Amino acid sequence: QVQLVESGGGLVQAGGSLRLSCAASGRGFSSHTMAWFRQAPGKERDFVAAVSWNADSTNYADSVKGRFTISRDNAKNMVYLQMNSLKPEDSAIYYCAANRGFGMGKGHYEYDYWGQGTQVTVSS
């Protein structure tokens with residue numbers, strides 16, 4: 001069982017940056033694929049980025065490639081999402097998720113554990 005707590009959300013102007021953090025507790029974190037998803041009001045929960053258990057591989061949604069960077073620190077049980085060049089359409093609740101397996105898919109159904117989310121709002 002893994003518990004996830006996100007932080008770092010807030011209000012930022014378009015073009016600005018934010019760094020989201022996800023603190024994990026419980027067993028198995030270092031062997032799980034970790035990911036970020038986001039959900040805007042009235043929309044489905046969409047994949048943003050994923051990182052493999054050893055940080056050897058990453059996967060990004062096309063909409064964030066070149067702007068967002070996912071990373072992890074297994075020694076600290078932390079996952080990060082650096083978001084640069086933010087756009088109003090990036091506004092959403094951002095969720096941290098863990099996959100007990102090694103898959104790095106984009107489907108939310110592939111992930112077993114979820115945090116409560118942190119709000120990101122980008123003003124134009």
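What you are looking at is a predicted structure, and each value in this text was computed from that prediction instead of being measured.
When all heavy atoms of A92 and A40 are compared, the pair lying nearest together is CB-N, 3.8 Å. For the pair R67 and S85, the tightest heavy-atom approach, listed with the atom from each and the gap, is NH1-O, 2.9 Å. The minimum heavy-atom distance linking L18 with L86 is given by the pair N-CD1, 3.8 Å.
Among pairs with a residue in residues 13-46, those fulfilling ring pair (Phe, Tyr, Trp, His ring centres under 6.0 Å) read F37-F47, F37-Y111, F37-W114, at least two apart in sequence or across chains. Screening residues 44-55 for side-chain hydrogen bond (donor to acceptor under 3.5 Å, both in side chains), with sequence neighbours left out, gives Q39-R45, S52-N54. Note on residues 95-104: pairs passing side-chain hydrogen bond (donor to acceptor under 3.5 Å, both in side chains), not counting sequence neighbours, are R100-D112. Pairs engaging residues 114-124 under the salt bridge (Lys or Arg N to Asp or Glu O under 4.0 Å) rule: none recorded [sequence neighbours left out]. The list of side-chain hydrogen bond (donor to acceptor under 3.5 Å, both in side chains) pairs with a residue in residues 8-30, not counting sequence neighbours, reads Q3-S25, S17-N84. Here disulfide (SG to SG under 2.5 Å) pairs that include residues 21-124, with residues two or more places apart or in two chains, are C22-C96. Applying the salt bridge (Lys or Arg N to Asp or Glu O under 4.0 Å) definition to pairs two or more places apart or across chains, none involves residues 69-86.
M104 and L81 fall into different hydrophobic clusters, defined by Ile, Leu, Val, Met, Phe, Trp and Tyr side-chain heavy atoms under 4.5 Å apart, directly or through other members. A continuous path of Ile, Leu, Val, Met, Phe, Trp and Tyr side chains, each step under 4.5 Å between heavy atoms, connects I70 with V48, placing both in one hydrophobic cluster. Using a 4.5 Å cut-off between side-chain heavy atoms of Ile, Leu, Val, Met, Phe, Trp and Tyr, with links allowed through other members, Y80 and Y113 fall into different hydrophobic clusters. Under the 4.5 Å side-chain heavy-atom criterion for ILVMFWY residues, a single connected hydrophobic cluster contains both V79 and F68.
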Notebook entry, point to check: Please walk me through it: do E110 and T33 pass side-chain contact (heavy atoms from CB on, under 4.5 Å)?
Noted result: CA-CA 10 Å; E110 300 178 54; T33 291; over 6 Å; no
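Judged as a side-chain contact (heavy atoms from CB on, under 4.5 Å), and not counting sequence neighbours, the contacts of T69 are Y60, Q82. By the salt bridge (charged side-chain N to carboxylate O under 4.0 Å, His left out) test, R38 pairs with D90, sequence neighbours left out. With sequence neighbours excluded, the residues forming a side-chain contact (heavy atoms from CB on, under 4.5 Å) with T121 are L11, S91, Q119, listed by chain and number. Residues meeting the side-chain contact (heavy atoms from CB on, under 4.5 Å) test with D62, sequence neighbours left out: K65.
No side-chain heavy atom of E6 sits less than 4.5 Å from a side-chain heavy atom of L20.
Distance CD/E89 to OG/S124: 10.0 Å, rounded to 0.5 Å.
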